[in-house]
Amino acid sequence: MASQKTLTDYERRRLENIKRNQEMMSSFKIQSVANQFHSSTSKRQRTETKTYKTNRGKQPKSEAPIVMRRSLRARGIPPEKKIGLGEEENVTNPTESEYPSPKKLGPVTMLDAYNGTGSLDNQMKHQKHLIDTIKSLSETNLMSCSIHDDDASVIGSSLDLESLILKPENVARVLPKNILNLCIFPCKNRSIVVAGNKAGSLAIWDMDADLKEDKEEQIGNDDGIYLYDPHTAPISGIVIQPFSLSKVYTSSYDGCIRLMDVEKEAFDMLYSSDDAIFCLSPHPHEAKSVYFGEAQGMINVWDERAGKSSSSCILHDQQINTIDFHPENTNCMATSSSDGTACIWDLRNINANRPESLKMVDHKKAVHSAYFSPSGNCLATTSANDKVGLIRGTNFMDISMVQHNNQVGRWIPSFRAIWGWDDSYLFIGNMKRGVDVISTGYRKMVTLESPYMSAIPCRFSAHPYKVGMLAGATAGGQIYTWVSQQH
DNA sequence: TCGATTATTAACTGT
DNA sequence: ACAGTTCCATAATCGA
């Protein structure tokens with residue numbers, strides 16, 4: 001009943017937002033971008049462009065420094081068990097002991113986790129260069145934030161869809177295997193993206209690397225891509241601390257939450273569990289806590305001050321795929337789950353054994369994401385039932401469903417519709433190698449296409465400060481970054 | 001109701 | 001250009 005009071009409070013604010021939003025939308029010019037569905041005569045259109053920016057995409061060859069790292073993790077059958085099976089034989093019994101594999105506990109230095117090529121000396125220099133970059137960016141970001149606090153100018157900036165283009169230099173293969181998660185640094189003047197893949201590797205791509213002023217500082221053929229191996233199973237969440245860019249949280253199916261602390265040049269181990277961790281989300285108003293979905297439907301909170309997980313609770317019948325917080329109402333949280341539902345919760349109510357949600361959206365099939373719009377007026381859900389849900393209005397009572405093909409099969413990570421820079425558009429992958437842009441204002445859906453996009457983008461991240469900069473990641477480890485071409 | 005099983009799918013790998 | 005491999009997602013289908 002305490003929640004009732006907040007809701008009215010909350011409602012009032014939302015109504016104001018809705019009004020503001022409507023004004024914004026009506027003043028917004030309609031883009032009817034001609035849908036050039038090149039119904040692609042066949043599939044073999046062009047695939048050469050994707051290797052525009054190649055990388056050490058493959059497994060390291062036999063080189064001295066790598067052997068050192070390999071000896072720690074890969075190839076490691078738990079030594080105390082399974083010896084009787086003989087080596088290499090463990091492949092034949094997939095029933096047990098397969099997945100948890102050689103999980104490394106405790107902190108790992110960034111250099112140890114670094115996966116590069118070339119001489120050890122070059123690797124050290126290259127890796128150090130990234131550390132310096134992130135450190136410097138952390139400082140400049142703090143300065144610019146404190147001087148003119150014009151963050152608000154970005155939120156609500158409208159976007160001209162026609163201006164979005166994909167340049168070949170903004171295409172790169174940054175990782176082997178599926179990218180499951182990516183996140184662009186919340187930094188005003190730089191474009192750096194962090195991506196995690198199914199193998200537990202983390203890539204950091206500094207897209208401004210080739211514009212670097214200090215050419216003589218460049219090491220080897222510096223493509224701005226840095227590869228680390230902090231986890232041993234799929235990376236399920238990446239969170240960059242907005243006010244401390246040198247801290248990047250990662251969660252993984254290996255049951256660990258790590259913190260890449262660039263100041264300490266290490267991947268700290270914050271939390272470890274026998275169960276998989278499926279998602280990770282920072283509380284926007286409590287900088288020191290991250291929420292994460294663990295095991296079957298459980299939500300858990302990591303509290304940095306306490307140095308441990310503070311509370312847990314079962315919210316769903318199956319795994320929680322995403323957690324997201326309302327941008328204004330500090331007690332409002334949304335979850336999506338493979339149990340077929342997305343829910344909105346009052347944080348004060350989720351301590352009970354069987355908490356009750358404020359709102360539940362039933363998709364009947366797995367829900368892969370549920371994200372609040374930048375204003376908080378709308379919740380967008382993406383489900384395996386081929387619907388994108390828009391939940392808005394007073395108390396989120398108004399539910400509309402947009403048809404969208406979300407049948408990705410087995411090899412493509414599930415689609416998740418994300419918001420751009422205002423409440424106007426959602427961005428989601430398209431099975432025909434495009435980016436679908438869903439309008440919330442009852443306009444026709446538009447598909448972004450490019451000859452340089454040779455695979456299906458399934459996961460996205462929008463640059464928090466650069467309107468129009470949208471990075472899409474594929475099952476093949478590529479990242480395609482669309483930008484807004486001025487004028 | 002709960003397991004175990006299978007079909008589905010796109011892109012990479014390597015001849 | 002072709003075929004073989006990926007393999008821990010999801011839903012539908014059987015069998016206990």
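Just so it is clear, the values below take in all heavy atoms, side chains as well, and ignore hydrogens, waters and symmetry mates. Numbered from 1 within each chain, the chains take letters A, B, ... in sequence-line order.
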Minimum-distance nucleotide to A:Ala455 side chain [options: B:dC12, B:dA11, C:dA11]: B:dA11
Is the distance from the ring center of A:His126 to that of A:Tyr226 below 6.0 Å? yes
Over how many whole Å does the gap from A:Met453 atom CE to B:dA10 atom P extend? 15 Å
Just wondering, more than 12 heavy atoms not from A:Met431 lying within 6.0 Å of its CE? yes
What nucleotide, of B:dA11, C:dA11, C:dT10, holds the atom closest to the side chain of A:His368? C:dT10
How close or far is atom P of C:dT10 from atom CG of A:Asn406, stated in whole angstroms? 12 Å
Base, sugar-phosphate, or nothing: which does A:Ser338 touch, judged by heavy atoms less than 4.0 Å apart? sugar-phosphate
Can you figure out which of B:dA11, C:dA12, B:dT9 approaches the side chain of A:Ile456 most closely? B:dA11
A:Asp121 and A:Ser119 side chains, donor-acceptor separation under 3.5 Å: no
Sequence neighbours excluded, the answer for side-chain contact (heavy atoms from CB on, under 4.5 Å) partners of A:Pro282 is A:Val239, A:Val290
Does the side chain of A:Ser369 come under 3.5 Å of the side chain of A:Thr382 through a donor N or O and an acceptor N or O? yes
So does A:Lys198 get a side-chain nitrogen or oxygen closer than 4.0 Å to the phosphate oxygens (OP1/OP2) of C:dA9? no
Which residues in residues 314-322 of chain A have a heavy atom closer than 4.0 Å to any atom of DNA chain B? none
Please state how far atom CG in A:Asp386 lies from atom P in B:dT8, giving the value in whole angstrom units. 17 Å
Euclidean distance for P, C:dT13 against B:dT9 (whole angstrom): 16 Å
Can you run through DNA chain B from 5' to 3' and write each base as (, ), [, ], | or . depending on how it pairs? Watson-Crick or G-U wobble, both distances under 3.5 Å. ||||||||.||||||
Specify the separation, in whole Å, of atom CG of A:Leu175 and atom P of C:dT6. 20 Å
Quick one: does A:Lys359's side chain get under 4.5 Å of A:Met397's, heavy atoms only? yes
Is the shortest side-chain N/O distance from A:Arg173 to OP1 or OP2 of B:dC12 below 4.0 Å? yes
With under 30° as parallel and over 60° as perpendicular, where do the rings of A:Phe372 and A:Phe396 fit, or are they tilted in between? tilted
Are A:Tyr228 and A:Tyr114 near enough that their ring centres are under 6.0 Å apart? yes
Taking C:dA11, C:dC8, B:dA10 as options, the one with an atom nearest any side-chain atom of A:Arg410 is C:dC8
Is there ring stacking between A:Trp411 and C:dT6, where the centres must be under 5.5 angstrom apart and the planes under 30 degrees? yes
Return the value, rounded to whole Å, for the distance between atom CG of A:Asn405 and atom P of B:dT9. 11 Å
Let me know the distance between CZ of A:Phe278 and P of C:dT10, rounded to the nearest Å. 9 Å
Would you say the side-chain atoms of A:Asp206 pair up with the backbone N or O of A:Ile192, donor to acceptor, closer than 3.5 Å? no
A:Ile277 CD1 to C:dC8 P, in whole Å, measures 19 Å
How many whole angstroms separate atom CG of A:Asn178 from atom P of C:dT10? 13 Å
Between A:Asn430 and A:Asp436, do the side chains contain a donor N or O and an acceptor N or O under 3.5 Å apart? yes
Closest to the A:Lys365 side chain, choosing from C:dA11, C:dA9, C:dT10: C:dA11
Which listed nucleotide (B:dA10, C:dC7, C:dA11) is nearest to the side chain of A:Met431? B:dA10
Side chain of A:Ala384, heavy atoms from C-beta onward: which of C:dA11, B:dA11, B:dC12 has the nearest atom to it? C:dA11
